[in-house]
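Values in this document were obtained by computation on a predicted structure and should not be read as measured data.
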Amino acid sequence: MSEKTYPGIHPLFKDSHFNEVEKKIIDTLSKEFFITNGGEEIKLGYNSVYKYIILNPTEIYTDMFNLDREIIVVFSNYESIQARTLDVFEYILKKHSSLRIEKICNILVSADSNVENSLETLVKNEPETQVIIPFSYSELDKVKDSFFFRNRFRKYFYTRDLFAFEAPLKKDIYFFGRNDLIQELTNRLKSGENSGLFGLRKTGKTSLINGIERNLLKDKIRSAIIDCQETSFNQRRWNEALFYLCLKVKEYINIELEIPDESKFTEKDASHLTENFLKECRKGLTGPIFLIFDEIENISRTTAPAEHWCNGKDFALFWQTLRSIFQRNTNLISYLIVGTNPTCIELPKIDNIDNPIFNHFNPVYIPGFQVKDTREMVRKLGKRMGLRFEENVYSKLTDDFGGHPFLMRHVCSLISKEVKELERPVDIGRNSYREAKDEFIVNHSNYLEMIISVLKDYYPDEYEMLSMLANDDISTFNDFADLHPSYTAHLLGYGLIRRERCGFDFNIDSIREYILDKSKYKKIGLTMEEKWSEISKRRNASELKLRKLVRFLLKAQMGAQEARETILNIFGEPRKSKLSNLSYDELFDANKSEIYFLDLGKIISKQWDVFKNSFDKTKQETFKQLEFINSSRGDAHAKVISDEQFSYFRLCMSNLENDLGDML
């Protein structure tokens, strides 16, 4: 065959196992595609028989949907689609070379006349399902032109957002990059080495665990995954947690062995009961038992939700047991610890007990995508959705988001939402990308917050270092880096920063922009002009919110008429007469009434009972801070403000912003 594929049927194609209706359908398909293989009958389950063919997409499908591999077409001669119908595709894929067969796209030809609705119902809770293009026997019996097929493909490719995945990936279909890391960790486990894998939230830790599990299953090796986030595990004491571990090993390995009753797993006996059970399990296996502990911080010191792990000795005692079992028994167990922060292996002692896994292995951090990985993921998924990304977008995505696949997928998902189905296929260049990136930073910063929140909550020193670096406080950052090298090592490992010849810099520009926005009023060493600018910007923004708060609460407490008279009396003459013809709401309209920041402070002070629950400070402290904020105004007359005054302004302003934020 030449590189360009034309419609037709391979000379060696065999169709003797198809009925006449199916042969006619195959002939119809051959007018649009090149049929390469006649397949065979597939028997799954009780009396379930399916047939299939394999076809090659022609040039138009390569251009429109980036389809350049062979596609499986399953014939289901049943009037309703069952879940097992989808299993047929996976069964056929295993029979053929994975290099030849398209993984994301399949075609289903069904005797179900309502096949599209039936398929939608079947896969609606399965986000990782391949793109399955459905046709019914009856409609393929009367196809008039090739656009029928192209429009059906367009419908299922261009209306589905292949970038929008929130949950960890369980299958290979939409998994990109990091195969080398999966192979490395798998080989370590097989060779009897223990490992620790760490990364921030949404960096793909659980997807990697699923990939390791799939990789081991290829060699018929089962691993036991213990989710430390599961309360059934982390609410148990260390000895009871060993019983839970045995339960999980039995469940995952699927072995018929009796576990001693949980009541026997006492502090004295839990260790040898666990060891004996694992030895019995090992007899039925060809290799060691692989234990994977996900979300390890849920049983780690200082970060665990349960007191006995967080502040007690349970972590030390639990790992004393597993470490001892590992050392006493060659080729019995290997374990992989997965979590956010490697502190659990960096603490030398837990109270007066040596940490059993202190420096037990070097932590492995999940790396960000390189440009080539970003290109593979975005280009492959994008082209199937009718989005043709220009080459420069891949490097921009990688730089702006540090190769973080979760973030990059969501930016691309925003682009997809902006492009209408009828416009596709369409080229996506720098302008489209920039708009999506800006929207993501402004309206979807919750994803960035979610990713680095673990630093803010549990490792505030590292987060503070990021804030220093974002605000160009390099000298303080370097002081921290010299005093605590482990902090810098964590940030480098996470891929949040990188070390350059002249020092450290952010590796994820979007994180820097987010932190700058959150800590923009912490920067030190400002010029007088910068101080005036900050005072003006923050004061004006808060004045609008303060005006809204006063207007709403006074009216709610007194009613509009009484509240109006109260405000006019506070204004006094001559303003009272000047504004007496205005309604209550018009008094707060800057275009009709001159109501100043100082006025709002006086209203709050004189009507404190109305506002006292809105502010965290006392009446005197609140009014004092409002007065200082007002008197700090430097934009009108270029008032010189000292560093001490500016620091106090920031304190007053932060208090006010927090109060207004809570209320509004």
Side-chain angles (χ1 to χ4, degrees), residues 1-18 22 25-44 50-76 85-109 128-135 149-150 152-153 156-157 160 162 169-180 182-183 211 214-215 217-219 372-373 375-385:
M1 287 178 59
S2 64
E3 287 188 9
K4 188 170 182 178
T5 302
Y6 296 93
I9 299 180
H10 194 280
L12 300 180
F13 175 82
K14 296 179 181 179
D15 63 358
S16 57
H17 52 292
F18 292 100
E22 291 163 346
I25 290 172
I26 292 171
D27 183 64
T28 299
L29 288 168
S30 71
K31 302 292 193 299
E32 183 73 2
F33 307 96
F34 184 78
I35 315 296
T36 61
N37 190 314
E40 59 187 352
E41 285 191 344
I42 302 293
K43 294 183 180 180
L44 287 182
Y50 299 89
K51 303 167 192 173
Y52 75 93
I53 62 172
I54 296 176
L55 56 79
N56 233 341
T58 49
E59 188 176 23
I60 185 68
Y61 292 89
T62 301
D63 291 342
M64 291 179 68
F65 310 105
N66 197 33
L67 295 170
D68 52 9
R69 297 183 182 183
E70 294 181 315
I71 299 173
I72 296 169
V73 183
V74 166
F75 289 81
S76 173
T85 307
L86 306 184
D87 296 335
V88 181
F89 292 106
E90 190 171 344
Y91 179 87
I92 298 169
L93 182 62
K94 290 177 180 177
K95 292 176 64 70
H96 295 268
S97 169
S98 59
L99 296 177
R100 288 177 49 209
I101 303 296
E102 172 61 51
K103 290 182 180 179
I104 291 181
C105 175
N106 293 309
I107 296 174
L108 174 65
V109 181
E128 288 187 62
T129 302
Q130 306 99 317
V131 177
I132 299 177
I133 316 295
F135 299 96
F149 290 106
R150 295 170 198 178
R152 183 64 57 85
F153 269 71
Y156 281 86
F157 272 106
R160 183 170 171 185
L162 300 178
L169 299 174
K170 297 178 180 178
K171 301 179 181 179
D172 281 327
I173 301 170
Y174 301 108
F175 187 87
F176 296 90
R178 295 174 177 165
N179 286 312
D180 290 344
I182 289 176
Q183 194 61 52
R214 289 193 302 270
N215 222 30
L217 281 173
K218 290 177 183 177
D219 296 329
K372 64 179 181 63
D373 302 315
R375 184 181 187 276
E376 180 193 9
M377 177 181 74
V378 174
R379 181 176 181 273
K380 189 170 186 178
L381 296 179
K383 289 196 76 171
R384 280 160 171 72
M385 298 163 59

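For K14 and E40, the salt-bridge test fails: no basic side-chain N is under 4.0 Å from an acidic carboxylate O.
Side-chain contact between Y61 and R150: present, with at least one pair of heavy atoms (C-beta onward) separated by less than 4.5 Å. Looking at heavy atoms from C-beta onward, L29 lies in side-chain contact with I35 at the 4.5 angstrom threshold. Taking 4.5 Å as the limit, some side-chain heavy atom of F89 sits within range of a side-chain heavy atom of V74. Using a 4.5 Å cut-off on side-chain heavy atoms (C-beta onward), V109 and S76 make no contact. By the 4.5 Å heavy-atom criterion applied to side chains, N106 and V131 are not counted as neighbours.
Of all heavy-atom pairs spanning G38 and H17, the tightest one is O-NE2, 2.9 Å. Summarising the geometry of I104 relative to L381, their closest heavy-atom pair is CD1-CD2, 4.0 Å, with the distance given to 0.1 Å. Looking at every heavy atom in both residues, P57 comes nearest to L67 through CG-O, 3.3 Å.
Between F34 and H10, the two ring planes are perpendicular [angle over 60°; tilted spans 30° to 60°]. By the 30° and 60° cut-offs, the orientation of the rings of Y52 relative to H96 is perpendicular.
In this structure a side-chain-to-backbone donor-acceptor pair under 3.5 Å is missing from S30 to I9.
Within 6.0 Å of the NZ atom in K380, the count of heavy atoms belonging to other residues, nucleotides or ligands exceeds 12. Summarising the local packing, CG of D180 is surrounded by 12 or fewer heavy atoms from other residues, nucleotides or ligands at distances under 6.0 Å.
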Review point. Could you go step by step and tell me if F18 and I25 meet the side chain to side chain contact (heavy atoms under 4.5 Å, CB included) rule?
Key: CA-CA 10 Å; F18 292 100; I25 290 172; over 6 Å; no
Practice item. Could you check R384 against E102 for salt bridge (Lys or Arg N to Asp or Glu O under 4.0 Å), going step by step and ending with a plain yes or no? Key: CA-CA 12 Å; R384 280 160 171 72; E102 172 61 51; 2.7 Å; yes
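Under the rule for a ring-ring contact (aromatic ring centres under 6.0 Å, His included), the partners of F135 that lie at least two apart in sequence or sit in another chain are F148, F149.
Each salt bridge (Lys or Arg N to Asp or Glu O under 4.0 Å) pair with one or both residues in residues 55-64, not counting sequence neighbours, appears once here: K4-E59.
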